[in-house]
Every structure is written in C-alpha cells, then in structure tokens.
Protein chains: 2
Amino acid sequence: MTAIQQAYNVYEDRCPTRLVLDRLADKWALLILDRLEGGPVRFNHIRRDIKGISQKVLSQTLRKLERDGLISRSIFPTVPVTVEYALMPLGRTLTDTVSALAHWAEKNMDAIVAAQRAYDQTHAA
Amino acid sequence: MTAIQQAYNVYEDRCPTRLVLDRLADKWALLILDRLEGGPVRFNHIRRDIKGISQKVLSQTLRKLERDGLISRSIFPTVPVTVEYALMPLGRTLTDTVSALAHWAEKNMDAIVAAQRAYDQTHAA
DNA sequence: TCACCTGGTTTCCTCCTGGAAACCGGGCGG
DNA sequence: CCGCCCGGTTTCCAGGAGGAAACCAGGTGA
C-alpha cells in the first residue's frame, strides 16, 4: 500500500485527487510552471520560449493554472499593455516536484531511448 | 534560467527530453507507476484497482512503459496464465518523484478546489 | 488615417484518444 | 463439447484536443 492510499484512494474513480493529477499530467502545464520558476514572465515571452505551443493552448493553459490558484495574472497599463504571469505560493510548492520530474527526464533520457531501441529490436516483426 | 536549461532546452521543439516528458505527462502512466511501487502486480489486478481504466488503455500504457524500460513483464505458465508487471530499476528511480507529485495533489487538493471556487465567483458571468 | 504593438478570442477543421464491446487463444473443469 | 478463467487484440465510433489563421480591442506613433 502506497502512501497515497493511506488517506485517499487515488485509484478510485471521481477521487478529487485524480482531478488534480489529471490537470498536472499535461505537458504544457508542466513546461509553463517550469518556465515561471525564474520569476514573472509575459505572455508573448512564454509563447516565444516554449516552442510549438499555440496562442490558444497557451492562453487556455494559463487560465487553468490561474483558476487553480497556481499562478497569478497581473496587468500593467503600459503601452502596449503588459501582462505578467507569476507563480503563486501554492504553485511554488509544486515547482520543486515538477523540476524534479523534468530533471529526471533529462537525466534518464538516454537510458530510455536505449531501452526503446532494445525493445524494438527484440519485438521486431 | 532553470536547472534544465543549463544542459538542454526543454522548451525547444523536438528536444528528446520533451518526448520523455510527454510520456510522463499521462495520468494513467502515473497511476500505474504508483500502483507498482508496492511490488509486482498482475494485469487484471491493476485493472480492478485503477477504477475507470479500460482494458485497451491499460494494455497500451503498460507496453509503452515496458518499451521505455520502466517496467518489466513476466509470464508464468500457471493455469490460467499469470502475467506480472513490476518496476525496473530505472522505473524505481522515477517513482519517488511520481509519488511526490501524487502526494502534492492529495495535500493541496483542498486549496485548489477553494481557489477554483473563488475564481469562478469573481469571474462569473 | 493607417499600421503595428500586446494579448488575447473565435472559428474551422482534422486528427487522435479513449471508451464499449466483441473477439481470440491456450488451458483446463465439468 | 461447452464454458470459464486470464490476458490480451481488434473494431467501431463519438468527443475532445489542438493547430492555423482570422478577427478583435485598446493605445500609440507616423
């Protein structure tokens, strides 16, 4: 029995923890959270940095994260208008784990690719 | 600049780390990895435990994880046949982080739900 | 007046995910 | 011979995610 099951059962359908986990299991959200770790960033800056994300998806994901209380959205009446996104305290408690996950991916990338190659060879048609 | 960017740039398109992150950003994969932490488990056992997962998706996800070298698949010629899935060493290095993520979700679930409610009220139509 | 900046929203359309349910094969048990 | 167990695969299908691109608003400068 894992630590999680002691209190709730994540494996249960409709468990609220699952909903949270669903939201976290989103590559764009993870990348954005990681990107915000260094301080507030503006919309188009994120968009330029995270290659391949569309305007729509960035906007949607940011709003989800804001709704969850993980990030804040601040509007400055500069010209042109500036909108800054920043980690909220709640979000900051999460980035350690997110970073760890990204870190793990970076560190074990080679092993995974090697495993995939080995698998593909032995399971070839 | 975050730790990740020092070596690779996860934000770059086609970065291999992104592919790994994509795979990890999958609620079913995370749940399965968490479920396997306690030791080897059989196919139908996982299926029964993780409520709501379909046979197809479970099968697909397990094969992906196996291909990535994260879990192993062992067949025992019992009657009826027994198939056990277990964490590989590589997968075990990951479960700490996955558990942390699941833990975080459990711990901060209430805060998130509260944030959502507050957001929905202030942004109501 | 027109163009252009930011920071979006909306529309359209396509592809992929994932659910439901049927089917399968080996190996017994009755 | 039929049925049932496990551990899948296959088929069909509906819904949603997400990309591309157009549109929009407020404000400024030429």
Side-chain angles (χ1 to χ4, degrees), chain A residues 11-14 18-19 21-32 35-36 40-68 71-86 119 122-125, chain B residues 11-14 18-19 21-32 35-36 40-68 71-86 119 122-125:
Chain A
Y11 311 128
E12 276 298 331
D13 222 354
R14 313 205 174 285
R18 266 233 193 146
L19 299 178
L21 212 52
D22 278 14
R23 184 92 21 122
L24 261 41
D26 173 357
K27 64 166 178 172
W28 296 124
L30 294 182
L31 286 171
I32 290 172
R35 182 64 193 80
L36 291 185
V41 192
R42 294 185 314 162
F43 184 88
N44 276 332
H45 201 145
I46 304 177
R47 192 180 157 208
R48 273 190 296 269
D49 281 359
I50 302 184
K51 303 275 160 52
I53 194 169
S54 74
Q55 213 167 7
K56 191 181 82 174
V57 171
L58 175 57
S59 170
Q60 284 174 348
T61 310
L62 284 172
R63 237 172 304 112
K64 279 182 195 169
L65 292 173
E66 188 197 355
R67 179 168 178 263
D68 289 349
I71 67 174
S72 64
R73 180 174 182 273
S74 310
I75 307 172
F76 300 97
T78 55
V79 169
V81 67
T82 298
V83 179
E84 261 186 13
Y85 293 92
Y119 181 95
T122 57
H123 294 73
Chain B
Y11 310 128
E12 277 298 332
D13 223 354
R14 312 204 173 287
R18 267 234 194 146
L19 300 177
L21 212 53
D22 279 14
R23 184 91 22 120
L24 259 42
D26 172 358
K27 65 168 178 173
W28 296 125
L30 293 182
L31 286 170
I32 291 172
R35 181 65 192 79
L36 290 185
V41 191
R42 294 184 315 163
F43 185 88
N44 275 332
H45 201 147
I46 304 178
R47 193 182 157 207
R48 271 190 297 269
D49 282 359
I50 302 185
K51 303 277 161 52
I53 194 169
S54 74
Q55 212 167 7
K56 192 180 81 172
V57 172
L58 175 57
S59 171
Q60 284 174 345
T61 310
L62 284 171
R63 236 172 302 114
K64 279 182 196 169
L65 292 173
E66 189 198 354
R67 178 166 178 264
D68 289 349
I71 67 174
S72 63
R73 180 174 181 272
S74 310
I75 307 171
F76 301 96
T78 53
V79 169
V81 66
T82 298
V83 179
E84 260 186 13
Y85 293 92
Y119 182 95
T122 58
H123 294 73

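The analysis underlying the following values was restricted to heavy atoms, covering all of them including side chains, and did not include hydrogens, waters or symmetry mates. Below, chains carry the letters A, B, ... as their sequence lines are ordered, and counting in each starts from 1.
- Each of D:dT9, C:dT9, D:dG18 was ranked by its minimum atom distance to the side chain of A:Trp28; first place goes to D:dG18.
- Listed nucleotides: C:dT6, C:dA22, C:dG19. Nearest to the side chain of A:Val81: C:dT6.
- When all heavy atoms of B:Phe76 and B:Val81 are compared, the closest pair comes out as O-CG2, 3.5 Å.
- The two residues B:Arg35 and B:His45 have their closest heavy-atom pair at NH2-NE2, 3.9 Å.
- Donor-acceptor pairing under 3.5 Å, judged by distance alone, is present between the side chain of A:Lys56 and the base of D:dG19.
- In this structure, the nucleotide among C:dT6, C:dG19, D:dG7 sitting nearest to the side chain of A:Asn44 is C:dT6.
- Using a 4.0 Å heavy-atom cutoff across all strands shown, B:Thr82 reaches sugar-phosphate atoms only and no base atom.
- Distance B:Arg48 CZ to D:dC5 C1': 11 Å, rounded to the nearest Å.
- The side chain of B:Gln55 approaches D:dG7 more closely than any other nucleotide in the set C:dT6, D:dG7, D:dG19.
- Distance B:Ile53 CD1 to C:dG19 P: 8 Å, rounded to the nearest Å.
- A:Leu58 places its CG atom 15 Å from the C1' atom of D:dA17, with the value rounded to the nearest Å.
- Residue A:Ser59 has a polar side-chain atom (N or O) positioned under 4.0 Å from OP1 or OP2 of C:dT9.
- The listed nucleotides are C:dG7, D:dC5, D:dG8; the one nearest the side chain of B:Pro80 is D:dC5.
- In this structure, CZ of B:Phe76 is placed 13 Å from P of D:dG8, rounded to the nearest angstrom.
- Of the listed nucleotides (D:dG8, C:dG27, C:dG7), D:dG8 has the atom at the smallest distance from the side chain of B:Arg73.
- In this structure, NE2 of B:His45 is placed 15 Å from P of D:dG8, rounded to the nearest angstrom.
- In this structure, the CD atom of B:Gln60 is 11 Å from the C1' atom of D:dT10, given to the nearest Å.
- The minimum heavy-atom distance between B:Arg23 and B:Ala29, with the atom names listed, is O-CB, 4.2 Å.
- Annotation: the span from A:Arg18 atom CZ to A:Asp22 atom CG amounts to 7.5 Å, rounded to 0.5 Å.
- In the set D:dG7, C:dT6, C:dG18, the nucleotide with an atom closest to the side chain of B:Val83 is D:dG7.
- When rounded to the nearest whole Å, the span between CG of B:Asp22 and P of D:dG18 equals 11 Å.
- When atom types are taken as modelled, the side chain of B:Thr82 and the backbone of B:Thr78 share no donor-acceptor pair closer than 3.5 angstrom.
- Contact annotation: A:Ser54 side-chain N/O to D:dG18 OP1/OP2 distance is not under 4.0 Å.
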